[in-house]
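Sending over a structure as structure tokens; questions will come in a sec.
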Amino acid sequence: MYANHDCKIEARLRSETIFSSGEKERNLVQSKVLTDRYGFVYFHAKSLKGQLKRQAFWLLKQYQQIDKKGERAKSFFKSIVVLFGINKEEIDLFAKGLCAQGDPDFLKVYCRQQPGILRFGHLELDERIRSRFIALQAEDEDEGYYRITPHDLIESQTHIRTGIQLENGSAKEGMLTTYHTVKQGLVFYSSITMEPYAYDADYLKRINQQDLSNLLADLQRIVSSFRRIGAGIHRGRGEVTARLLVDGKDADFCKVSCKEGEQHAIV
């Protein structure tokens, strides 16, 4: 993310969570968990980015409610645009009130479609765990016998749950569905990097150190406030505690309060 530092998002599952692949597994489940070829569960980088961006816009609404002058909300909106990018629909939904203040530079730079500078890796188990079992499978492949198969790994990380299929808001008679949930307590990591340039009017500009510090502080606020991930979050699934790590330690770009093992950014 910045020179010579390893930056990650850590997500600890506080409840069973659904990382759906959108696929069925014959004779096992109708909604299979997302896994790699080795049997490790993961959450796709694109989905992680989308859910963090949704959290960022939720935080923006909180700033708009508590900051009547609108300066903090405007600053935070700028961070969202630079970090995650923005599309026309999001501009229509979130930028109208901020653009109404009539700042021509703000309108020109931040109220137009553009990509963000953040790049996410998949949310995966610790690389040391993955490397150990991948090496084990490679040894077993040479021997022609697997001590721990990909299916064994999937079983160790998941439960199979049963639900009711709905049609037009009502339960379909005699129709049950089975799906994987990822076990509570597992910890996942996503490596993140930043492009060194961001849009400024009609050209790309290198991000200076002060702007970078402000962006990282807002990113930490977004990550620390992130509380739900995956599918089924309105049915008690996907509770998560997340934090931003730099070189394996808690980031300190903004102030956070800790309560019962959770981080809460001080806005």
Side-chain angles (χ1 to χ4, degrees), residues 7 9-15 17 43 47-103 105-107 109-114 116-118 120 123 190 192 194 198 210-246 250-267:
C7 298
I9 292 173
E10 179 192 89
R12 184 179 301 271
L13 303 188
R14 296 292 184 180
S15 69
T17 303
F43 192 63
S47 300
L48 175 62
K49 178 183 177 182
Q51 295 199 358
L52 283 170
K53 190 176 185 181
R54 181 181 63 189
Q55 180 65 21
F57 281 123
W58 178 86
L59 267 183
L60 175 65
K61 290 181 179 178
Q62 312 314 306
Y63 283 125
Q64 288 174 317
Q65 290 178 9
I66 64 177
D67 177 20
K68 300 304 180 183
K69 292 183 178 180
E71 291 302 317
R72 183 65 187 97
K74 193 173 181 179
S75 172
F76 191 72
F77 178 79
K78 291 179 181 180
S79 292
I80 294 175
V81 173
V82 175
L83 291 169
F84 294 95
I86 197 164
N87 58 42
K88 186 177 184 303
E89 181 181 356
E90 291 164 343
I91 292 171
D92 291 340
L93 282 173
F94 300 105
K96 285 183 177 179
L98 298 171
C99 292
Q101 298 176 24
D103 182 344
D105 292 334
F106 179 81
L107 289 169
V109 177
Y110 300 103
C111 295
R112 65 175 185 173
Q113 295 186 86
Q114 57 186 279
I117 64 172
L118 277 179
F120 293 85
L123 198 61
S190 169
I192 52 176
M194 277 184 173
Q210 182 58 53
D211 289 341
L212 179 61
S213 297
N214 293 336
L215 289 168
L216 290 170
D218 282 339
L219 177 61
Q220 185 176 359
R221 292 181 178 98
I222 294 164
V223 171
S224 297
S225 67
F226 192 49
R227 289 291 175 267
R228 296 280 183 176
I229 192 171
I233 59 175
H234 301 299
R235 299 190 296 274
R237 306 294 187 191
E239 293 184 14
V240 66
T241 299
R243 56 182 181 153
L244 183 63
L245 301 178
V246 178
D250 287 320
D252 60 357
F253 303 111
C254 70
K255 294 181 180 180
V256 296
S257 63
C258 296
K259 182 180 179 181
E260 297 178 356
E262 298 184 1
Q263 278 196 357
H264 301 270
I266 299 173
V267 298

* **L123 to I9 - nearest heavy-atom pair and separation** =>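 Looking at all heavy atoms of both residues, the shortest contact is CD1-O, 4.1 Å.
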
* Residue pair L219 / L118, side-chain heavy-atom distance below 4.5 Å ->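 With C-beta onward as the side chain, the pair touches.
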
* Check for a donor-acceptor pair, side chain of S15 on one end and backbone N or O of G238 on the other, with a separation under 3.5 Å. =>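 Yes; at least one donor-acceptor contact below 3.5 Å.
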
* **Nearest heavy-atom neighbours spanning F84 and A56** =>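 Nearest heavy atoms, F84 then A56: CE1-CB, 4.3 Å.
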
* CZ/F94 to CG/L60 distance, rounded to the nearest 0.5 angstrom? ->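 Answer rounded to 0.5 Å: 7.5 Å.
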
* For M194 against L212, the heavy-atom pair lying closest together ->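 Scanning both residues completely, I find the closest heavy atoms to be SD-CD1, 3.5 Å.
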
* N/O donor-acceptor pair under 3.5 Å between Q220 side chain and A251 backbone ->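 Such a contact is found between Q220 side chain and A251 backbone.
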
* To do: Side-chain contact test, heavy atoms from C-beta onward, threshold under 4.5 Å: evaluate it for L244 versus F253 and give yes or no.
  =>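 Result yes, sub-4.5 Å side-chain heavy-atom pair found.
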
* **Non-hydrogen side-chain atoms of I86 and I80 separated by less than 4.5 Å** =>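 No. Closest side-chain heavy atoms not under 4.5 Å.
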
* **Aromatic ring pairing F77/F57, orientation class (parallel under 30°, perpendicular over 60°, tilted between)** =>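 Rings of F77 and F57: tilted, as their planes differ by 30° to 60°.
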
* To do: Write down the atom of A95, the atom of C111, and the distance for their closest heavy-atom approach.
  =>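 So the minimum-distance heavy-atom pair works out to CB-SG, 4.1 Å.
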
* Can Q62 and I66 be said to form a side chain to side chain contact (heavy atoms under 4.5 Å, CB included), step by step? -> CA-CA 6 Å; Q62 312 314 306; I66 64 177; 5.7 Å; no

* Shortest non-hydrogen contact from Y63 toward R221 ->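 For Y63 versus R221, the nearest heavy atoms are OH-CD, 3.3 Å.
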
* Taking the side chain as C-beta and beyond, is there a heavy-atom pair between V240 and R228 under 4.5 Å? ->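 V240 does not reach R228 side chain to side chain.
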
* Could you state the interatomic distance from OG (S79) to CG (L215), rounded to the nearest 0.5 Å? ->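 One gets 5.0 Å once the value is rounded to the nearest 0.5 Å.
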
* Answer yes or no: is there a donor N or O on one side and an acceptor on the other, between the side chain of R112 and the main chain of N87, under 3.5 Å? =>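 Checked: no pair found.
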
* To do: Check whether any side-chain heavy atom of T17 lies under 4.5 Å from a side-chain heavy atom of I233, and answer yes or no.
  =>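 SC-SC contact between T17 and I233 ruled out.
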
* Asked: Can you name the nearest heavy-atom pair linking D218 to S75, along with the distance?
  ->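 Nearest pair, atom of D218 first, then S75: OD2-O, 4.4 Å.
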
* **V82 side chain near Y110 side chain, heavy-atom distance below 4.5 Å** =>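 Yes. Closest side-chain heavy atoms under 4.5 Å.
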
* To do: May I ask you to establish whether K74 and F106 are in a cation-pi arrangement, using a distance under 6.0 Å from NZ or CZ to the six-membered ring centre and at most 45° from the ring axis?
  =>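 Satisfied, under 6.0 Å and within 45°.
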
* Approximate separation, where rounding is to 0.5 Å, of S190 OG and K49 NZ ->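 Separation between the atoms: 12.0 Å.
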
* After noting the C-alpha distance and the side-chain angles of R243 and L245, does the key distance pass the side chain to side chain contact (heavy atoms under 4.5 Å, CB included) rule? -> CA-CA 6 Å; R243 56 182 181 153; L245 301 178; 3.7 Å; yes

* Let me see the working for L13 and E239 under side chain to side chain contact (heavy atoms under 4.5 Å, CB included), right down to the final yes or no. => CA-CA 6 Å; L13 303 188; E239 293 184 14; over 6 Å; no

* Short question: side chain of Q51, backbone of L48 - any donor-acceptor pair under 3.5 Å? ->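 It does not hold such a pair.
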
* D250 backbone acceptor or donor facing E10 side chain under 3.5 Å ->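 No; zero donor-acceptor contacts below 3.5 Å.
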
* Asked: Do the side chain of S225 and the main chain of I222 share a donor and acceptor less than 3.5 angstrom apart?
  ->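 Here the side-chain-to-backbone pair exists.
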
* Just by distance, with hydrogens left out, do R14 and T241 show a side-chain donor and acceptor under 3.5 Å apart? ->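 Distance-only check passes for R14 and T241.
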
* To do: Would you please test E90 and K53 for side chain to side chain contact (heavy atoms under 4.5 Å, CB included) and show each step?
  => CA-CA 11 Å; E90 291 164 343; K53 190 176 185 181; 2.7 Å; yes

